[in-house]
Every structure is written in C-alpha cells, then in structure tokens.
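Heavy-atom basis, side chains included; hydrogens, waters and symmetry copies ignored. Order of the sequence lines sets the chain letters (A, B, ...), proteins ahead of strands, with each chain counted from 1.
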Protein chains: 2
Amino acid sequence: MKLGQATIKDIARELNLSASTISRALKDYPGISDETKRKVKEVAEKMNYRPNAIALSLRQSRSFTIGVIIPEVIHFFFSTVISGIEEVANSRGYNVILSQSNEKLAREISSIETMLSNQIDGVLVSYSKETKNFDHFTKLLDQGFPIVFFDRAPAIPGAINVMVDDYQGSFDATAHLISQGYKKIVHLAGPQTLKISIDREKGYREALEKNGIRVNPAYIITCPLGTLEESKELVTEALNTLPDRPDAFFSCNDIGAVGAIMACRDAGLKIPLEVGIVGFSDWQFCSMLDPQLSSVAQPGSLMGARATEILLDIIEKKLDPKTMEQTLILETKLMERDSSKRF
Amino acid sequence: MKLGQATIKDIARELNLSASTISRALKDYPGISDETKRKVKEVAEKMNYRPNAIALSLRQSRSFTIGVIIPEVIHFFFSTVISGIEEVANSRGYNVILSQSNEKLAREISSIETMLSNQIDGVLVSYSKETKNFDHFTKLLDQGFPIVFFDRAPAIPGAINVMVDDYQGSFDATAHLISQGYKKIVHLAGPQTLKISIDREKGYREALEKNGIRVNPAYIITCPLGTLEESKELVTEALNTLPDRPDAFFSCNDIGAVGAIMACRDAGLKIPLEVGIVGFSDWQFCSMLDPQLSSVAQPGSLMGARATEILLDIIEKKLDPKTMEQTLILETKLMERDSSKRF
DNA sequence: TCGCTCTTCGCAATCGATTTCAAAACAGCA
DNA sequence: TGCTGTTTTGAAATCGATTGCGAAGAGCGA
C-alpha cells in the first residue's frame, strides 16, 4: 500500500479493469456500462480517490493557477485587492499563487520566473517602485502570455491595466478643499516613478487651475519613503519655513495625511478650522481617527475582482487582448469627513 | 514552432542528441563531455529554456508548494502573517497558494480539497470561526500529511500549533489597567468557539483574581460579530445599564477597543482620566488614534515565519511531528499608550 | 452456423523531465 | 588485428490522467 493518494491505477487494479475504463467511468463517458460505472465510483469513493491536478496540468499544459505579484501584502489596499482576486479566481476554479516583491525589482523578476516554471496560466501584477525597465514584462506580452496590471500601470503599449481614476480622485479631493475655503493647499506627492503619483499630482494641479488658483511649486512636496515620520517631518518643516503658510494638505496616501494631522496638531493648529487635511485610499482607520480623516476611497476589492475577470477571460480566450479596451478605470469616491469640513 | 515554452526535447532535436543527454548536461552530471555541455547550455540559453516544474512535480510527487488557509486576508494581523509565510517559503524555494475561508467551514473544506488535488506538500491553517468539527484536519494528520496551525489552535491531540501567548498578553493588559488604578474593568470577549477568545478571557480573569479583584460576570461582554458598531453599542449599553459603572475596557481586539473609545467619548467620559481602554493586536492604526490606543502587540510576521519554518522542516523530514514540541508560543508585548496611562 | 452490428473495454501514445541500464565509440596495448 | 577498459550517449520506463483507435464479446437475423 502506497503512502500517498490513491490513483486511477489503484482503482483499476482493485477492479481488474484498465486505467482508461476508470477514467471514463468517473467522467460518465458513453460506452461504459452503468454497472461498471457504479462499481468504479463506489471503489473511488472508498479509496478516497482524488484526481491529481498536477498530472492534468502536465497533459493539458494548463495549471488553472494564476500568479499575483504585489509590492507588499501588509498594505491595507493591497490586501483588499487580493481578497477580490481570490474571490473571483476561486469561484472560477483557479488557484492563486502569491508573491510579494517587497518593492524590489530583483524579487519581482525572480518571482515571475518561478511562477512561469510552475506553468501559471496568467499573472496579475502591480509592479515595484524600483521597476523602471519593463523588459521582463514586454517579453512575455510579446509571446502572448496573459498579463493584467493593476493599480500601477506600466508604460507599455498594449498592456492591459485596471486602475482607479487617480486623476479624478485627486481632482475631487482638491476641489473639495477649495470649496471649503482652503486656498493654500499643499500636495504631499509620492515617488515620481509611479504613474499613480504623477496622475494624482496632475489632478491636484488642474483642480487648482480650474478654480483660478496658481500652482505654487513650493507647495508640492515629494515624500519618497511614504512613512509616517517622513510626512510629519516634511509637514512640520513646511509649516515653519514656507513664506506663505499653507492652510491645507492633500496627501497622496493616508499615512502621509496622518503625519500631517500630527504635525498640525503639534503646531497647535486646529483641524479643520485652521487646516484642512485629505488623504488618499480611505484605509480602514480613517473613520477611527480624531478628527475622522477625509479620504479618497479606492475600490480595492473591486479592482482585484475586475482584473481577475479580465485575466481569466483572456486565458480562456473569451477575450482577445489585442482587440479590447486597454485600460479599465474604476471610479473613486471622496469620503468627506471631519478633517476637511469647515461648513 | 510551438507557441509555448521550449522543452528539453526541443533542445535535443536542435542538437541531434537525446533528451537524457540534455537533462544530464544541464545539471552537470558526470559522463557528459565538456564540449556537449557547453553546446547544450548555449542552445538552452538561446531558446530561453525554462524547466517545467509541473513535470518535475509529477515525477517526484513533490510540488514545492504549500497552501495557506486563512479566514480573511483583509485583517491586518493576517496580512502580516502572510507576509512572514511568503518570506520564508520563498527563501526556501517554495511557492505559496493562498485561500481565504471567509470564516466559512464549507469554503475551508473545499479549499483544502483543491489544494490537495494540486499536490501541495503541506498546509498552514488558521481555521474559521464556523469550524467546530475538525475531522477534515484529523483525517489528514492521521495520514501523516504535514499541517501546522497558527493563531487559532484546534482541539486536536498531536496537532502542531504556533500561536501567541494570548493568556499572558491578556493578563499583562489587565494587570496594566489595574496598576493604573482602574478597578471596574470590563472585558469585551470574542466568540467562544475560538481558543484565543477563551485564553484571552482567562488571562483577564486571573489577572483580576491575582490582584484581589472579584470577577464580575456582568463585566464580561461577548462580541460575536467583532464589528465596530457592535462594540460601540454594547459599551454604550454597559455604561448606561450596569449598576456599577465600569471605569475601564479591555477588548479582545482593536476594533472593539475603538468602539469603546467612541462610546466613551459619546458618553462624555475622558480617556484615560475617567476611563481606560486597551485593545489587542496592535494594529497599525493604534498609534494614529487620539488618544493613542494601548494594545497587546502580536508578532504576526514572526508567527508566519516560524510556522512556515516548522512546516518546511516537517516536509523535508528534518523534523518528526511526533517527537517534537506540539505548541510554539510566541511572546506578546504590551504597548502602553495614552488610552490607559493615568500616571 | 456464418455475418454483421453494437456495446464495452484495453492498448498505447502523450505531456516534460529524470534515471537505470546498456550500448556504442574510441583509446591503449599486446 | 583483436581484446580490454574507459568515455560518452541512448533507449525506455516512470510519474497520473486522458483519448483515438482497435479489438473482443454479445446479440441477432438469415
């Protein structure tokens, strides 16, 4: 008796039949007598038979597994995306292999390599902050390998992206601050390697211009690290040194906004009376803060779900990447809370 | 030319050699001339050859993949655990297949089934709140299949568990509240199906007793849902109806503690002057709240890492589950912050 | 009893890589 | 030239499941 699982051969031996008959009986193929089918299924049940998906994968060159490459699992936003991915993949019979790049290009590349070795049917990617060269993706795309990018869209022509409307979300947030009477609005920007950072900054700029406010370059402060400490420090510095003291901060992420809250509070400024603050992402904790933080909600779970649907449709040839819409943009929603509401 | 990847046979055809020679040449087996090795490697490189892990898995009955079953990815704590798992698994050459049960027993079972079909080498499990019967796990354990449970330890003799010291963490938190002069401490407990809930309640009870405070059953309030609204409501009710008004709340999780903060604030109580509050898990946002929330930190990433190390050691037969320590308990750390510090 | 048809099942190849066993090829030496 | 020994390579089986094709057996009419 083997230690492992019962195979189709074990059943065949037990019943003095051939492996082919067992296979057909289990799948209710025509040409197998009902009596045989009954016996086969009975023995399969008894032996606790479970088909070997690996053998199937090898034969069909299909693994029913998709890969997900993400910068960091710990980010709340990404965890919601994963949740959406897992949900859809699972319901359509696919497994999800996960790998985090930790924002390192080298790990991103090696992750893809091992996943390809494991014959994944497709991959969902949100690339790392380090990634500036996309050859490892274009090579695959050229071969027709199914890839869908989410959240962070690379500068690759023909690539399929699912993202939120960073520009519009940013525009809305800035316009909201303006409508609340804030005039000297600082933008805490993200690393310029990410398209989302650029789009968010653009939304900020255009909202100002459309409302007749001149964009002051000194009011755009880049936070490369994205940590709480960094933004707190930079905001404190801005409050102390900028000739025209800012009266609002729009951060490209929630952590930065929290840093701004802290810095303003330390500076003795009242929120939202004297300073307005808006974040981006609408992390869970926004409504738990004091004051509750206004933020731009990104539909993370939906993004994961949509990206997965598209990927699986491509894999199953229901969609041709060449003929389809290249970029799916999901709407954001501004959550107006205490940190930015004066009226 | 095939669409897919180049195989060993393609290289063989190209060089007029046999598949066996290619295989040996690529692995630097003895008995292959240096000249042949050189040519084979050159062609392999040129054809962008990548070994098919599926074929290897089939042959070796080893997939170098482990499964992870988790209630919900979105939970901050679990996302840190996943991060630790992924880290260790990756560095030891294993893939991670992820599945969330959404706290549903049925999905937990079906996830395990598909993972087994996919020939995973072992599995890490944190079981769902619905799971009261562990047959689907014991069956596997009896077959000698490698399983390591984390965070939530099932009542299965011989099972290997990695968890935090819920009892001690809870004891410390309660003792801390007592040391700060709080006397009427309410415990917001979790669902009694989870061992962690029971342990945390036990730590609370014994800390009280050891400090000569009688345990008041009315002071133990169970929060089955674990939502913010629920705890807010229950705390408000407790403040209004309990004959002896509580002066502190120790919640078995952070969400509950936030609900308590809100309820107390709405009731006009000053934190920490009039009411002390401590949570459990030390989620990211604890230090961003106002007042900053004291909480018991659980080493999530470490837990994931340790559990994975043990699992891989068992898989690789470096460890025998029968002879080893059954339960690994990781230390918690009380993060004392403003919400509970009167002095 | 011989055909023929239809039902029911088995053989063998396939997927990609590894590995055992054995066979070539070639060198050295008498 | 013939024999032994070494080096280098191949054929075939294996892992588990599927499937086209062929074959055996039953049943039936002539």
If only side-chain N and O atoms of B:T21 are considered, is one of them under 4.0 Å from the OP1 or OP2 phosphate oxygen of D:dG10? yes
Atom CG of B:L56 to atom P of C:dG16: distance rounded to whole Å? 13 Å
Need to verify one output field. Residue with the more 5' nearest nucleotide on DNA chain D, A:L58 or B:L17? B:L17
Looking at A:E42 and A:K39, does any basic side-chain N land under 4.0 Å from a carboxylate oxygen? no
For D:dT7, does OP1 or OP2 lie under 4.0 Å from any side-chain N or O of B:S33? no
Between A:R152 and A:E103, does any side-chain N to carboxylate O distance fall below 4.0 Å? yes
Charged N to carboxylate O under 4.0 angstrom, B:E316 versus B:R92? yes
Phosphate OP1/OP2 of C:dA17 contacted by B:S20 side-chain N/O (<4.0 Å): no
Both distances below 3.5 Å, Watson-Crick or wobble geometry, any strand: find the nucleotide opposite D:dC28. none
Think B:S23 has a side-chain N or O under 4.0 angstrom from the OP1 or OP2 of C:dT18? yes
Between A:A19 and A:Q60, who's closer to the 5' end of DNA chain C by nearest nucleotide? A:A19
Quick check on D:dC15: is either OP1 or OP2 less than 4.0 Å from any side-chain nitrogen or oxygen of B:S61? no
Under 4.0 Å: is that the gap between some side-chain N or O of B:S18 and OP1 or OP2 of D:dG10? yes
Spacing between A:I54 atom CD1 and D:dC15 atom P, to the nearest angstrom: 16 Å
Rounded distance (Å) that lies between atom P of D:dG10 and atom NZ of B:K9: 15 Å
Round to a whole Å and report the spacing from CZ of A:R59 to C1' of D:dT18. 4 Å
Checking all strands, does B:N16 fall into the base, sugar-phosphate, or nothing category for heavy-atom contacts under 4.0 angstrom? sugar-phosphate
B:Y29 side chain near D:dT7 phosphate (N/O to OP1/OP2, under 4.0 Å): no
For D:dG10, does the base pair up with any side-chain atom of B:R24 as donor and acceptor (N or O, under 3.5 Å, distance only)? yes
Which is true for A:S57 with a 4.0 Å heavy-atom rule: it touches a base, it touches only sugar-phosphate, or it touches nothing? nothing
SB check A:E45 A:K41 (cutoff 4.0 Å): no
Applying salt bridge (Lys or Arg N to Asp or Glu O under 4.0 Å) to B:R50 and not counting sequence neighbours gives A:E113
Pairing partner of C:dA12 (Watson-Crick or G-U wobble, both distances under 3.5 Å): D:dT19
Nearest-Å distance, CZ (A:R62) to C1' (D:dT18)? 16 Å
Tell me whether the NZ or CZ atom of B:R62 lies within the 45° cone about the ring axis of B:F64 and under 6.0 Å from its centre. yes
Could you tell me how far apart B:I22 (CD1) and C:dT18 (P) are, to the nearest whole angstrom? 11 Å
Return the value, rounded to whole Å, for the distance between atom CG of B:D28 and atom P of D:dT8. 14 Å
Atom NZ of B:K27 to atom P of C:dA17: distance rounded to whole Å? 11 Å
